[in-house]
Structures are given as structure tokens and as C-alpha cells.
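Each residue takes its place number in the sequence, starting with 1.
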Amino acid sequence: MGSAVNKVLRRRPPGSFWAISILLLIWNGLGVFAYLTQITATEERLAEIYSAGELALVQSQPFWVLSAFAIAVFGGVLGALSLLMRKSWSRAIFAISLIAAAVQHFWFFVLSDGPSQMSMAQLIMPIIIVPVCIFAVWYAGNGIRRGWLR
């Protein structure tokens with residue numbers, strides 16, 4: 001049995017694993033950039049970035065929504081880095097990131113008037129975030145099943 005475990009631990013992931021892991025790191029890195037921009041920008045800079053309706057929405061976010069945003073994006077970066085290090089705990093980190101993103105999006109889509117403040121083109125990004133998070137959890141789980149992660 002010991003040799004079977006060693007064989008699994010020596011499995012090398014395909015090139016697509018590295019490409020997908022790097023894309024997930026870039027994606028989540030952009031999320032960190034968006035978060036840091038939102039929390040550090042001056043009122044004048046935010047007014048340049050957002051329309052009046054969007055700015056009102058950003059400014060009305062409760063602290064718990066902003067906290068969920070931070071957990072989602074920083075968790076996503078940590079999950080992607082752990083995926084690149086081939087650690088099986090990347091799946092748990094991606095799951096935490098997914099839960100945080102779902103909390104954030106629940107506020108945006110259900111508890112606020114977020115969708116009414118944006119055009120359909122602007123809604124594309126918020127709509128694809130949770131599916132990307134779901135994919136990351138699935139992909140890390142797939143890596144565990146295939147023996148790419150330890």
C-alpha cells in the first residue's frame with residue numbers, strides 16, 4: 001500500500017493545471033486590486049470610477065459585505081497560490097472564498113438595488129464571479145482526486 005501512496009504523491013499535473021492555476025491567481029489578483037482600490041480611493045477618485053448610482057451603492061455597503069469581499073478575493077489568491085504549491089487544502093480555501101463571494105453577491109442581488117444601478121454589460125462581471133469560484137473549488141477537488149495535490 002505504501003508504494004501506491006507514493007505513486008499518487010509523485011503524479012505530475014499536466015501543463016493545463018499550471019495554466020489554470022496561474023489564470024486563477026491572476027483572476028483573484030484582479031479581485032484584490034478591485035478591493036484595494038475600493039477601500040483606498042478618495043471620494044473624488046471613486047466618483048471618477050463609478051456612476052452616481054454605483055457610487056451610492058458602494059457607499060451603502062454594510063461592513064459585513066466589504067468584509068465578505070475581502071475574504072473572497074484574498075482567499076481566492078491564497079487558494080490559487082496553494083494550488084500552485086500543489087496543496088490539497090487549496091480546495092477548502094477556495095470553498096471559503098466561494099462562501100464569502102456568495103454572501104457578497106446575496107447582498108448585491110437580493111438585499112440591495114445593485115442590479116438596477118448597472119447596465120447589462122456591467123452586470124456580466126458580478127454574474128460570472130460565483131461560477132468562477134465554483135469552478136476553483138471543483139478544480140482543486142479534481143486535483144486531489146487525480147493525485148496532483150498533496
Side-chain angles (χ1 to χ4, degrees), residues 1-42 45-46 48-51 54-55 57-58 61-112 114-115 117-150:
M1 177 158 163
S3 65
V5 171
N6 288 336
K7 184 178 179 184
V8 168
L9 292 177
R10 286 191 301 233
R11 272 195 201 144
R12 300 182 89 159
S16 60
F17 170 86
W18 302 108
I20 290 169
S21 298
I22 289 169
L23 286 173
L24 286 170
L25 180 61
I26 292 168
W27 169 265
N28 286 290
L30 291 171
V32 167
F33 178 76
Y35 171 79
L36 293 175
T37 298
Q38 184 174 323
I39 66 164
T40 62
T42 63
R45 180 66 182 130
L46 288 174
E48 293 172 5
I49 297 171
Y50 299 113
S51 69
E54 292 169 322
L55 182 58
L57 186 67
V58 166
Q61 285 182 347
F63 179 74
W64 59 269
V65 173
L66 196 57
S67 299
F69 185 12
I71 292 167
V73 297
F74 284 102
V77 165
L78 185 58
L81 288 172
S82 62
L83 199 61
L84 286 165
M85 293 186 299
R86 297 179 58 194
K87 300 297 181 185
S88 62
W89 40 268
S90 63
R91 182 176 186 206
I93 295 171
F94 279 135
I96 292 167
S97 176
L98 167 61
I99 292 166
V103 166
Q104 179 190 12
H105 285 73
F106 179 76
W107 176 82
F108 178 78
F109 285 104
V110 178
L111 301 179
S112 78
Q117 300 300 323
M118 303 178 117
S119 69
M120 188 52 80
Q122 291 171 310
L123 282 173
I124 292 172
M125 184 60 76
I127 289 171
I128 64 172
I129 289 172
V130 170
V132 170
C133 291
I134 292 169
F135 170 79
V137 173
W138 171 83
Y139 195 72
N142 187 50
I144 292 167
R145 283 187 297 280
R146 292 179 181 230
W148 303 336
L149 307 178
R150 299 178 229 109

Please check this pair: side chain of R11 against backbone of W148, looking for a donor-acceptor N/O pair closer than 3.5 Å.
no

Which heavy atom of M85 sits nearest a heavy atom of R150, and at what distance?
O-NH1, 4.5 Å

Sequence neighbours left out, what passes ring pair (Phe, Tyr, Trp, His ring centres under 6.0 Å) with F74? Give chain and number order.
Y35

Does S90 reach the main-chain N or O of G79 with its side chain, forming a donor-acceptor pair under 3.5 Å?
no

Quick one: list whatever passes side-chain contact (heavy atoms from CB on, under 4.5 Å) with T40, sequence neighbours left out.
none

Pairs meeting criterion side-chain hydrogen bond (donor to acceptor under 3.5 Å, both in side chains) with involvement of residues 17-32, two or more places apart:
none

Side-chain donor/acceptor of S97 to backbone N/O of I93, under 3.5 Å
no

Any idea which heavy atoms bring G76 and F94 closest together, and the distance?
O-CE2, 3.6 Å

When rounded to the nearest 0.5 angstrom, what is the spacing between CD1 in I129 and CG in L98?
12.0 Å

Under the side-chain contact (heavy atoms from CB on, under 4.5 Å) criterion, do I128 and F135 qualify, and how do the steps go?
CA-CA 11 Å; I128 64 172; F135 170 79; over 6 Å; no

Which residue pairs pass the side-chain hydrogen bond (donor to acceptor under 3.5 Å, both in side chains) test with at least one member in residues 123-145, sequence neighbours excluded?
N142-R146

Tell me the closest heavy-atom pair linking L57 and S112, and the distance in Å.
CD1-OG, 3.6 Å

Got a second to check how far I71's CD1 is from I96's CD1, nearest 0.5 Å?
9.0 Å

Heavy-atom closest contact (V103 atom, A68 atom, distance)
CG1-CB, 4.0 Å

Going by the rule side-chain contact (heavy atoms from CB on, under 4.5 Å), which residues pair with F33 if we only count those two or more places apart in sequence or in a different chain?
T37

Taking only residues two or more places apart in sequence, or in another chain, which ones meet A95 in a side-chain contact (heavy atoms from CB on, under 4.5 Å)?
V137

Residues forming a side-chain contact (heavy atoms from CB on, under 4.5 Å) with L25, sequence neighbours excluded
V77, A80, L81, L84

Here the gap from F17 atom CZ to L83 atom CG, rounded to the nearest 0.5 Å, amounts to 4.0 Å

Pairs involving residues 61-79, ordered by first then second residue, that meet side-chain hydrogen bond (donor to acceptor under 3.5 Å, both in side chains) (sequence neighbours left out):
Q38-Q61

